[in-house]
> 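Below you will find the structure I want to go over with you.
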Amino acid sequence: MGPHLTDTVTLRMYRFLLRPRWIVFHLLCLIGVVGMIGLGFWQKSRLDDRRAFNALVTARADEPVAPVESVVGPPDAEADPLDVEWRTVTATGSYRADEQVLIVNRSQNGQAGVNVVTPLELPDGRLLLVNRGFVPGQGTEPLPPPPGEVEVLGSLRRSQERAFGQISDPADGVLTELQRIDVPRLAQQLPAPVMPVYLDLAQSVPSQGTFPIPVPPPELSEGPHLSYMLQWWFFSGCVAVGWVVALRRSIRTRRVSAATAAAADATAPNGTSPSSSD
């Protein structure tokens, strides 16, 4: 086989890679590899966020328990909710049962129900919204709070915000049921200044009984993000390897076909080998 014929065979052998269906195949593989690498980095970002969250919650929970007034600060210099969230505090006061509201569409331990939020009037006149916990079912008559002076202990939380696609609460009027613990919205209908954070109740003296059930603390696990990250990168590698394997097999098939064609061209013009004339 001469040099010119060899170059022609080589060109034909690789030219198929530029055919439309192969270009589509290359693009799909490229998009798959890049997309799955990106998804892996997205899971890594979520893992980093989760680790940072766990570290923050642990650090705040390890700080000494203190009265809520000293943690949040005086009325004219209240702390940023982000700076005090997850602090464990105590508060003493009396519940304002008439201003109690329900946070609907909650779930806990596989049950649907509501959270009961009751303002606690503190000695300085401010109100602290207390998420007293979870009541199974969708009833509108939850157990009333303990009467008289109570001492509560719990974790401070910042106001909940509506996520994309969630139902909005009415902007006006007095609400008895809400979709979330929106501190500014509840402050509109309360007769006294409201602290910028609310409290997830853990303990109460006197006890509030069997119900409401206190909301459990957040689960400080890393979740599945690490395994998802590795899976996406593994899948990305599989696509890249599959692309290489597909190319090698196709090239090998065409090389065999080219060799067969070259052998056929080496026979006599009439389809007989040179030795057939003997």
Side-chain angles (χ1 to χ4, degrees), residues 46 49 53 56-57 60 68-69 71-73 75 78-87 89 91 93-122 124-146 150 152-202 204 208 211-219:
R46 296 192 65 188
D49 292 343
F53 171 80
L56 174 65
V57 173
R60 296 273 173 85
V68 66
E69 294 91 344
V71 173
V72 176
E78 291 179 330
D80 188 327
L82 291 175
D83 295 334
V84 298
E85 188 174 23
W86 305 113
R87 282 290 305 271
V89 299
S94 56
Y95 282 118
R96 299 181 65 103
D98 292 343
E99 276 89 34
Q100 182 166 278
V101 298
L102 302 180
I103 309 301
V104 299
N105 299 324
R106 304 292 96 181
S107 64
Q108 191 165 312
N109 296 326
Q111 293 182 297
V114 298
N115 282 354
V116 182
V117 176
T118 311
L120 181 71
E121 186 172 1
L122 304 175
D124 64 7
R126 283 182 292 177
L127 300 178
L128 172 65
L129 296 175
V130 178
N131 180 9
R132 295 172 50 219
F134 176 79
V135 177
Q138 297 293 333
T140 58
E141 297 295 335
L143 297 177
V150 297
V152 298
L153 178 143
S155 177
L156 292 180
R157 300 292 310 277
R158 57 176 164 163
S159 177
Q160 297 178 353
E161 298 180 354
R162 186 180 74 88
F164 178 78
Q166 290 183 336
I167 300 174
S168 299
D169 289 312
D172 301 314
V174 176
L175 305 180
T176 58
E177 295 184 357
L178 296 91
Q179 299 293 325
R180 62 196 59 85
I181 306 178
D182 186 338
V183 175
R185 176 63 185 86
L186 284 169
Q188 296 178 20
Q189 63 188 50
L190 293 173
V194 179
M195 282 190 166
V197 290
Y198 71 91
L199 182 84
D200 272 341
L201 181 68
S204 173
Q208 60 180 5
F211 295 104
I213 306 169
V215 175
E219 181 182 354

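One-based numbering along the sequence shown.
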> Would you say that Leu143 contacts Gln208 through its side chain, given a criterion of any heavy-atom pair below 4.5 Å between the two side chains?
no

> Measuring from atom CZ of Arg157 to atom CD1 of Ile181, what distance do you get when rounded to the nearest 0.5 angstrom?
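These two atoms lie 8.0 Å from each other.
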
> How close do Pro146 and Arg132 get, counting heavy atoms only, and between which atoms?
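Nearest pair, atom of Pro146 first, then Arg132: CD-NH2, 4.4 Å.
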
> Go through it in stages, so that I can follow the logic: the residues are Met195 and Leu122, the test is side chain to side chain contact (heavy atoms under 4.5 Å, CB included), and I'd like the CA-CA distance, side-chain angles, deciding distance and then a yes or no.
CA-CA 10 Å; Met195 282 190 166; Leu122 304 175; 3.5 Å; yes

> State whether the side chain of Asp200 and the backbone N or O of Ser155 hold a donor-acceptor pair below 3.5 Å, judged by distance alone.
no

> So which heavy atom on Phe134 is nearest to which on Gln108, and how close?
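Distance-wise, the nearest heavy atoms are CB-OE1, 3.2 Å.
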
> Could you tell me which non-hydrogen atom of Val71 sits nearest to which non-hydrogen atom of Ala79, and how far apart they are?
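Between these two residues, the closest heavy atoms are O-CB, 4.0 Å.
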
> What is the minimum heavy-atom distance between Phe211 and Pro136, and which atoms define it?
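Closest approach of Phe211 to Pro136, heavy atoms only: CE2-CD, 3.5 Å.
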
> Any side-chain heavy atom of Pro81 sitting closer than 4.5 Å to one from Val197?
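They are in contact (side-chain heavy atoms under 4.5 Å apart), so the answer is yes.
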
> Side chain to side chain contact (heavy atoms under 4.5 Å, CB included) between Val72 and Leu156: does it pass, once the steps are laid out?
CA-CA 9 Å; Val72 176; Leu156 292 180; 4.1 Å; yes

> Tell me, do Phe53 and Asp49 make a side-chain contact under 4.5 Å, heavy atoms counted?
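No, their side chains stay 4.5 Å or more apart.
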
> Considering only heavy atoms from C-beta outward, does the side chain of Val104 approach that of Gln179 to under 4.5 Å?
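The answer is yes; the side chains approach within 4.5 Å.
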
> Nearest 0.5 Å please: distance from the CG atom of Asn105 over to the CG atom of Leu178.
11.5 Å

> I want to check something: taking the side chain as every heavy atom from C-beta on, are Ser159 and Pro184 in contact at a cut-off of under 4.5 Å?
yes

> Counting heavy atoms not belonging to Arg185, are there more than 12 under 6.0 Å from its CZ?
yes

> Does any part of the side chain of Arg158, heavy atoms only, come nearer than 4.5 Å to the side chain of Tyr198, both counted from C-beta?
no

> Side chains of Val215 and Arg106, heavy atoms from C-beta outward: is any pair under 4.5 Å?
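Heavy-atom side-chain distance check fails, nothing below 4.5 Å.
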
> Hydrogens and angles aside, do Tyr95 and Gln100 bring a side-chain donor and acceptor to less than 3.5 Å of each other?
no

> Which heavy atom of Arg96 sits nearest a heavy atom of Pro191, and at what distance?
NH2-CG, 3.4 Å

> To the nearest 0.5 angstrom, please state how far the CD1 atom of Ile213 sits from the CG atom of Leu201.
12.5 Å

> Tell me whether Arg126 is salt-bridged to Asp124, with the criterion being a basic N under 4.0 Å from an acidic carboxylate O.
yes

> Minimum heavy-atom separation for Arg180 and Glu161, please, with both atom names.
CD-C, 3.7 Å

> If the test is side chain to side chain contact (heavy atoms under 4.5 Å, CB included), which one of Leu190, Leu199, Thr118, Leu120 qualifies with Leu129?
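Single pass found, and it is Leu190.
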
> Taking atom CG of Leu82 as the centre, report whether more than 12 heavy atoms of other residues, nucleotides or ligands fall under 6.0 Å from it.
yes

> Does Leu175 reach the side chain of Pro170, with side-chain heavy atoms less than 4.5 Å apart?
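Leu175 vs Pro170: side chains touch.
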
